[in-house]
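This one's a predicted model, so the numbers in the text were calculated from it and none came from an experiment.
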Amino acid sequence: MQQTITKTDGNILFPIVLSIVAAAATGVLWAYANPIQLVPGVIQWRIFAFLPPLVGILLGWKSGFICGYLGTLVWSLLAGTFIPAHSLIVDGIMVGLTGLVPGLLFDPAKTTFDRITLIKIAAVCLIVGLVMVVFVSASLAYLGIFPFWWAVGYLGLSDIVPMIIGTPLLVVPALKILKSAHPAGFTRF
């Protein structure tokens, strides 16, 4: 089944605004809609960790990065876990990359979202998630907040599992909703 977004000239504002709204929603959902505290005050199961890669695929790699980076900052400020060096540099950038990389690799205008593509999306989310988890865990260990291997295990459960399940599961329905919301098309950002 071919799912495409028609590209039009000049309508770049739509994905930028939507990525900022998605970033705010991501941060709020991560702060207030996480039912399981894996390590109270440090790591919770972020069931909405699929949002940055989903936004990256649908709206473009820059939008995915914005969603992940700003979503992390909003979450850390609301959850009371903001650590300037960690949140602004390591955590923000690495979570931003979970939106950037899938957005670079999967363009709805050029991609058919069949079963093989959805498996590839899950594999990309796994790989970028592992890279993110290693860097964030190293930062937490360096700052003396949490031991490295414990952080790898808990962050892997927290972020990677929702990314590899939620992103491929929701990309086709979200694309249909997006196309119906903006039938004239837009330029990915």
Worked verdict on Val124 versus Val101 for side chain to side chain contact (heavy atoms under 4.5 Å, CB included) = CA-CA 8 Å; Val124 167; Val101 173; 4.0 Å; yes
Quick one: pull up [atom1] in [X] and [atom2] in [Y] and give me the separation to the nearest 0.5 Å.
X: Leu126; Y: Ile121; atom1: CG; atom2: CD1; answer: 14.0 Å
X: Ile93; Y: Leu100; atom1: CD1; atom2: CG; answer: 11.5 Å
X: Trp75; Y: Leu29; atom1: CH2; atom2: CG; answer: 14.0 Å
X: Ile145; Y: Leu140; atom1: CD1; atom2: CG; answer: 5.5 Å
X: Leu175; Y: Leu170; atom1: CG; atom2: CG; answer: 12.0 Å
X: Lys120; Y: Thr111; atom1: NZ; atom2: OG1; answer: 9.5 Å

Heavy-atom check, side chain of Val171 versus side chain of Leu54, under 4.5 Å = yes
query = Is the shortest heavy-atom distance from the side chain of Phe189 to the side chain of Trp61 under 4.5 Å?
reply = no
Tell me the closest heavy-atom pair linking [X] and [Y], and the distance in Å.
X: Val161; Y: Leu157; result: CB-O, 3.8 Å
X: Val55; Y: Ala22; result: CG2-CB, 3.7 Å
X: Pro53; Y: Cys125; result: CB-SG, 3.9 Å
X: Pro15; Y: Leu59; result: CB-O, 3.9 Å
X: Met163; Y: Ala49; result: CG-O, 3.2 Å
X: Leu78; Y: Gly27; result: CD1-O, 4.3 Å

Assigning hydrophobic clusters by single linkage (Ile, Leu, Val, Met, Phe, Trp, Tyr; side-chain heavy-atom cutoff under 4.5 Å), is [X] placed with [Y]?
X: Leu77; Y: Val95; answer: yes
X: Leu105; Y: Val131; answer: yes
X: Phe106; Y: Ile116; answer: no
X: Ile119; Y: Phe113; answer: no
X: Ile89; Y: Leu70; answer: yes

[X] side chain vs [Y] backbone, donor-acceptor pair below 3.5 Å:
X: Ser87; Y: Leu73; answer: no
X: Thr98; Y: Gly129; answer: no
X: Ser139; Y: Phe135; answer: no
X: Tyr69; Y: Ala23; answer: no
X: Arg188; Y: Gly103; answer: yes
X: Thr167; Y: Ile164; answer: no

message = Determine whether Leu169 and Leu118 satisfy the following criterion, side chain to side chain contact (heavy atoms under 4.5 Å, CB included), listing intermediate values before the conclusion.
response = CA-CA 8 Å; Leu169 184 67; Leu118 298 178; over 6 Å; no
key: Among Asp159, Val136, Val128, Thr72, side chain to side chain contact (heavy atoms under 4.5 Å, CB included) partner for Met94   = Val136
request  = Mark yes when over 12 heavy atoms from residues, nucleotides or ligands other than Tyr142 sit less than 6.0 Å from its OH; otherwise mark no.
outcome  = no
ask   = Taking the inter-plane angle between the rings of Phe50 and Phe48 on a 0 to 90° scale, is it parallel (under 30°), tilted (30 to 60°) or perpendicular (over 60°)?
value = tilted
